[in-house]
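Keep in mind that the numbers below use all heavy atoms, side chains included, and drop hydrogens, waters and symmetry copies. Everything numeric in this text was worked out from a predicted model, so none of it was measured.
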Amino acid sequence: MKKQCEVRPRKGIVPRSNHKPPHVHTRKRLGELAELAFMHKAASLGFGVAKPYGDSDRFDFIVSWDRRLWRVQVKSTRTAHRRVYEIGAHGCWGGHDIYTKDEIDLIAAYVVPEDTWYVIPIEATRGRKRLCLHPNVPRRACYKYEKYREAWWLMK
């Protein structure tokens with residue numbers, strides 16, 4: 001059997017396998033990872049999940065259950081400020097393009113460090129630009145969106 005030669009990098013050059021790709025932590029890549037997590041969660045709960053072609057629509061997915069279709073926009077957050085996580089209820093152009101009920105039916109917000117989902121009807125956002133989520137504290141009536149924590153039943 002022939003012995004394979006070992007390829008050693010030149011001095012001062014780190015092998016490519018030790019580098020993290022430069023695109024791993026971009027906002028777009030993190031959003032794509034949240035979308036994959038949503039697809040997995042929704043499909044594992046028995047929902048039909050379809051991804052529209054392209055990025056032109058205001059929703060990320062069409063979810064089906066028993067002949068009913070829902071337009072879902074997926075958002076995610078990874079950082080808490082004083083135990084509160086925030087997501088934007090608007091598109092990538094800032095607060096000037098807040099989602100409306102004519103564009104989407106639900107926002108699915110993923111709080112990554114807590115592995116917690118919020119399924120929030122767009123009407124419940126009442127035109128707010130930012131939504132505050134409190135997944136690591138007991139539910140309280142004053143926290144507007146806690147009743148939507150893991151509220152997958154809204155699409156059934």
Side-chain angles (χ1 to χ4, degrees), residues 13-137 139 143-156:
I13 298 177
V14 178
R16 194 162 185 65
S17 62
N18 291 345
H19 286 289
K20 286 186 178 178
H23 60 275
V24 168
H25 297 294
T26 65
R27 290 183 70 176
K28 182 159 180 68
R29 179 55 59 105
L30 293 173
E32 291 167 350
L33 291 172
E35 288 181 7
L36 285 170
F38 173 82
M39 287 176 59
H40 179 265
K41 179 72 174 190
S44 69
L45 292 172
F47 292 100
V49 182
K51 176 82 172 143
Y53 173 77
D55 288 335
S56 300
D57 291 309
R58 297 278 280 171
F59 51 90
D60 293 319
F61 294 97
I62 299 169
V63 176
S64 66
W65 181 272
D66 195 29
R67 298 185 192 174
R68 173 80 177 153
L69 300 177
W70 300 91
R71 298 165 298 172
V72 179
Q73 174 64 40
V74 175
K75 296 290 185 176
S76 67
T77 181
R78 287 167 174 72
T79 307
H81 179 68
R82 295 185 180 164
R83 297 177 59 180
V84 177
Y85 292 90
E86 286 189 12
I87 60 144
H90 54 79
C92 61
W93 300 110
H96 301 292
D97 63 341
I98 296 169
Y99 298 115
T100 68
K101 65 181 180 178
D102 294 329
E103 300 167 325
I104 67 172
D105 300 305
L106 301 157
I107 292 176
Y110 186 38
V111 181
V112 177
E114 308 293 334
D115 191 26
T116 302
W117 284 95
Y118 288 77
V119 180
I120 305 169
I122 192 61
E123 293 90 1
T125 66
R126 296 190 184 126
R128 288 183 175 84
K129 295 177 187 179
R130 311 286 306 160
L131 309 182
C132 295
L133 309 175
H134 306 82
N136 50 9
V137 297
R139 289 187 172 130
Y143 297 151
K144 293 177 174 53
Y145 304 107
E146 291 313 297
K147 62 184 166 191
Y148 302 113
R149 188 189 311 173
E150 301 294 342
W152 297 95
W153 53 269
L154 287 173
M155 293 188 286
K156 291 186 176 181

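- In this structure, the separation between CG on Leu106 and CD on Gln73 is 11.0 Å, given to the nearest 0.5 Å.
- Nearest heavy-atom pair, Phe61 versus Glu35, reported as atom, atom and distance to 0.1 Å: CZ-O, 3.6 Å.
- Considering only residues two or more places apart in sequence or on other chains, Trp117 meets the side-chain hydrogen bond (donor to acceptor under 3.5 Å, both in side chains) condition with none of them.
- Evaluation of the side chain to side chain donor-acceptor pair (under 3.5 Å) test over residues 105-116, restricted to residues two or more places apart or in two chains, returns Arg71-Asp105, Tyr85-Glu114, Tyr110-Asp115.
- Atom CZ of residue Phe47 and atom CH2 of residue Trp65 lie 5.5 Å apart, to the nearest 0.5 angstrom.
- Here Arg58 contributes atom CZ and Asp102 contributes atom CG; the two are 11.0 Å apart, rounded to the nearest 0.5 Å.
- Put simply, the side chain of Glu146 gets close to the backbone of His134: a donor and an acceptor are under 3.5 Å apart.
- Across all their heavy atoms, Val49 and Ala43 have their closest contact at CG2-N, 4.0 Å.
- Under a 3.5 Å cut-off, the side chain of Tyr99 and the backbone N or O of His90 do form a donor-acceptor pair.
- Here CG of Asp66 is found 11.0 Å from NZ of Lys156. Values are rounded to the nearest 0.5 Å.
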Would you check, one step at a time, whether the test side-chain contact (heavy atoms from CB on, under 4.5 Å) holds for Val63 with Leu45?
-> CA-CA 11 Å; Val63 176; Leu45 292 172; over 6 Å; no

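- Closest approach of Glu150 to Trp153, counting heavy atoms only: O-CD1, 4.3 Å.
- Here the straight-line distance linking atom OG of Ser76 with atom CZ of Arg27 works out to 9.0 Å at 0.5 Å rounding.
- Of all heavy-atom pairs spanning Phe59 and Glu103, the tightest one is CD2-O, 3.6 Å.
- Heavy-atom minimum distance, Val111 versus Tyr118: CG2-CE1, 3.9 Å.
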Pairs under 3.5 angstrom only: tabulate donor-acceptor contacts from the side chains of residues 121-128 to other protein residues two or more places apart or in another chain.
residue	atom	partner	partner atom	Å
Thr125	OG1	Ile122	O	2.7

